[in-house]
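What follows is a set of notes on a single structure, which appears directly below.
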Amino acid sequence: MLKDLFRKQKKYATIPTEATKNQVPEGIMQKCPTCGTILLSKEVEKNEKVCKVCGYHFMMTAPERIQSLVDDGRFFEYDSDLISVDPLQFPDYQKKIKQDMEKTDLKEAIITGEGTMDGYPVILGVMDPRFRMGSMGSVVGEKIARAAERAVQKRFPFILFSASGGARMQEGALSLMQMAKTSAALQKMNQNQVLFVSILTNPTTGGVSASFSSLGDINIAEPGALIGFAGRRVIEQTVRQKLPDDFQTSEFLLKHGQLDLVVPRLELRDTLVKILELHTIRG
């Protein structure tokens, strides 16, 4: 009898059936990559894609970003008919463009247009990293340049959100030319004393970080964003030095004078409204 009391009990593992698995909708939960907390996707969306535990900023799509900023969600898009062509006949480029169009319901890696923020008229440009990693091809550069020209014509501030892997390799030198074109368009804004606010999000790298995203009258970044030109390994091999752990982060760049502000996403709209109050007239 005593022997029976101390007998090892068999352990059983419960294996969920396919029917049980299907009862949990895909995408209902997500894990924070920084603190590891399991979060309800709906709660993350309500919190503007920010982890409530550690403050990690999840990727935000261009439509989500625009809706979080403009008054009553009213936004009038510019140049929605512009679509990339294949000037270099790069293998499978057109096929990949079409796939991204279907996946994102976007025509390109940026949306530009106008709306109001707390009654102040603004022109917005928002890059979307889901489309070709937010890379800058001819259409992206053209839309930014046209938005800057409209900002001069209307004398509206231009707020541009960057999220990009850099210039688009499938368009070769044509994509690199967009660095000069966008910079020239922003110089016209500067000459006409029209406000340009650049907001760098995760990631902002390559030719984008080396051109328009660093040319704001005010340069702002979200916390923890990766910002830089070349990769860490390439730079370390070039300078033959070990770089700091926080190298190419928003906080590092702020500390070294390359940014004016690092602003959490939940405070960003209020911060932008304060800037608009100082520089514009309410519409």
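A ring-centre distance under 6.0 Å is not found for F158 and F156.
Looking at L268, D260, L259, V262 one by one, the single match for side chain to side chain contact (heavy atoms under 4.5 Å, CB included) with I220 turns out to be L268. Each of H57, E222, E48 was scored for a side chain to side chain donor-acceptor pair (under 3.5 Å) with R265, with one residue passing: E222.
Between E43 and K52, at least one side-chain nitrogen of the basic residue sits less than 4.0 Å from a carboxylate oxygen of the acidic one, meeting the salt-bridge criterion. At a threshold of 4.0 Å, the pair R150-D79 counts as salt-bridged, since one of the basic side-chain nitrogens sits closer than that to a carboxylate oxygen. At a threshold of 4.0 Å, the pair K49-E45 does not count as salt-bridged, since none of the basic side-chain nitrogens sits closer than that to a carboxylate oxygen. Of the charged side-chain nitrogens involved, at least one lies within less than 4.0 Å of a carboxylate oxygen, so that D100 and K103 count as a salt-bridged pair.
Of all heavy-atom pairs between S175 and G172, the closest is OG-O, 2.6 Å. The nearest pair of heavy atoms linking I97 to S84 is CD1-CB, 4.4 Å.
Within 6.0 Å of CD in Q191 there are more than 12 heavy atoms belonging to other residues, nucleotides or ligands.
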So Y93 and R132, side chain to side chain donor-acceptor pair (under 3.5 Å) or not? Walk me through it.
-> CA-CA 10 Å; Y93 181 41; R132 297 287 86 210; over 6 Å; no
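Annotation: cation-pi geometry not satisfied between R232 and F247 (NZ/CZ under 6.0 angstrom from ring centroid, within 45° of ring axis).
With sequence neighbours left out, R240 forms a salt bridge (charged side-chain N to carboxylate O under 4.0 Å, His left out) with no residue at all.
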